[in-house]
Asks: 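Pasting a structure below so you can have a look.
First listed ligand is number 1; within each ligand, the first listed atom is number 1.
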Amino acid sequence: MEDCIRERAIGVFDSGVGGLTVLRELLKVLPHEKFIYFGDTARVPYGSKSRETVVRYSIENSIFLLEKNIKLLIVACNTASSVAVEKLKQLFNVPVIGVIRPGAYAAVSATRTKRIAVMATKATIQSQAYPNAISELLPDAQIFSLACPLLVPLIEEKMGEHPAMDSILQEYMIQVKNHRPDTLLLGCTHYPLIKEEIRKIFGHSLNIVDSASTVASEASYLLKKMHLSADGYEECEQLQFFVSDDPEKFKEIGEYFLGFPISEVNRPLLFQEAMPVYS
Ligand code: DGL
């Protein structure tokens, strides 16, 4: 049967489960598309690793998805997007979308005072990717960036509503408040899950935005522009999940991020076999 490029899947990768918050939005905006999600659960977190390592992991993850014949690659991980998207665009022959520009766009669209705060992992903050992308869109923006390394582990432990989360957030938010932003950009896949906790600290005067819905709009726009949108819903699996570590653990926590149960998760052989030298 001839392969129709429009019917191919969209590949999405993240360092682990966090990218499921992005996939959730993609599914809302692109209900007729098929998705292959890869979570690099064996090597998470990326947020505390060096640029070189995250770029290398991102290339490997992309090759895994490209071998599945995807038509579009979405880098759902903020850390990977902040350091690797340009390299992936250079290396591969599929359109690549990262979350940085869509996140910057969401923040710039929301701000009135041009005072924007960005929360993200250490590696994302060090890369300066968000301030650079925001300044490109809004050159006189006043940007305050804050690395929040304690949030990812707590969220993965489903401790979003725990008092420990509240005190850590209070600590981080004192620094954010000092900058007097009118917009806070959640620059990490996990943070949308604690949006309400952040909202409790700031009240409704602050715009809280993230990349997920703007990434989905960008993907939809790009697919239409390139005549790559799927024609309609086919009788086939819409979602496939692959991980580099324990599938059961991913399933269990994945539901919390995705909002609905995940039926099947595969760990490819590549991530199961020991290197010959160790076996
Ligand atoms: N997915 C990562 C991000 O959005 C957070 C988890 C990690 O550090 O790998 O930056």
Side-chain angles (χ1 to χ4, degrees), residues 11-26 37-62 65 73-85 88 96-104 106-107 117-133 145-160 165 168-169 172 184-195 198 208-216 241-246 249-250 253-254 256-258:
V12 180
F13 83 79
D14 177 56
S15 55
V17 283
L20 295 174
T21 57
V22 176
L23 182 63
R24 192 169 62 185
E25 294 306 315
L26 288 165
Y37 181 96
F38 176 72
D40 193 8
T41 49
R43 304 190 289 195
V44 69
Y46 284 10
S48 52
K49 299 207 166 64
S50 69
R51 171 185 282 265
E52 301 74 50
T53 299
V54 176
V55 171
R56 177 161 60 83
Y57 290 173
S58 302
I59 293 171
E60 290 167 6
N61 301 342
S62 305
L65 288 168
L73 176 64
I74 298 181
V75 183
C77 177
N78 289 255
T79 307
S81 295
S82 70
V83 296
V85 162
L88 301 179
V96 181
I97 296 180
V99 293
I100 302 297
R101 216 182 38 179
V118 182
M119 295 163 64
T121 65
K122 271 188 182 162
T124 302
I125 296 299
Q126 259 164 22
S127 76
Q128 296 278 336
Y130 272 121
N132 291 343
S145 303
L146 183 69
C148 305
L150 298 175
L151 299 182
V152 165
L154 280 178
I155 296 169
E156 292 208 357
E157 291 301 327
K158 300 186 186 166
M159 287 173 70
M165 174 62 88
I168 288 168
L169 267 182
Y172 284 143
L184 174 63
L185 170 55
L186 306 181
C188 172
T189 47
H190 291 53
Y191 302 168
L193 293 175
I194 51 163
K195 193 170 171 177
I198 297 173
I208 304 179
V209 297
D210 63 69
S211 327
S213 56
T214 30
V215 170
F241 296 95
F242 294 92
V243 289
S244 50
D245 196 48
D246 183 12
K249 201 170 151 208
F250 179 88
I253 185 159
Y256 175 56
F257 282 77
L258 191 58

Asks: Which of parallel (below 30°), tilted (30 to 60°) and perpendicular (above 60°) describes Tyr57 and Tyr46?
Replies: tilted

Asks: Picking from Met159, His190, Met165, Glu156, what satisfies side chain to side chain contact (heavy atoms under 4.5 Å, CB included) with Leu151?
Replies: Met165

Asks: Report the C-alpha distance between Thr121 and Thr124 in whole Å, list the side-chain angles of each, state the deciding distance to 0.1 Å, and finish with yes or no for side chain to side chain donor-acceptor pair (under 3.5 Å).
Replies: CA-CA 5 Å; Thr121 65; Thr124 302; 3.0 Å; yes

Asks: When you check the side-chain N and O atoms of Asn78 and Tyr130, is any donor under 3.5 Å from an acceptor?
Replies: yes

Asks: Write out all pairs satisfying salt bridge (Lys or Arg N to Asp or Glu O under 4.0 Å) with one or both partners inside residues 42-55, taking only residues at least two apart or from two chains.
Replies: Asp40-Arg43, Arg43-Glu60

Asks: Taking NZ in Lys249 as the centre, count heavy atoms belonging to other residues, nucleotides or ligands within less than 6.0 Å. Is the count above 12?
Replies: no

Asks: Identify the protein atoms, limited to N or O, that lie within less than 3.5 Å of an N or O atom of ligand 1, and list each pair with its distance to 0.1 Å.
Replies:
| residue | atom | partner | partner atom | Å |
| --- | --- | --- | --- | --- |
| ligand 1 | 1 (N) | Asp14 | OD1 | 3.0 |
| ligand 1 | 1 (N) | Ser15 | OG | 3.2 |
| ligand 1 | 1 (N) | Thr189 | OG1 | 2.9 |
| ligand 1 | 4 (O) | Asn78 | N | 3.0 |
| ligand 1 | 4 (O) | Asn78 | ND2 | 3.1 |
| ligand 1 | 4 (O) | Thr189 | N | 3.0 |
| ligand 1 | 4 (O) | Thr189 | OG1 | 3.2 |
| ligand 1 | 8 (O) | Tyr46 | N | 3.4 |
| ligand 1 | 8 (O) | Gly47 | N | 2.8 |
| ligand 1 | 9 (O) | Ser15 | OG | 2.6 |
| ligand 1 | 9 (O) | Tyr46 | N | 2.7 |
| ligand 1 | 10 (O) | Thr79 | N | 3.1 |
| ligand 1 | 10 (O) | Thr79 | OG1 | 2.6 |

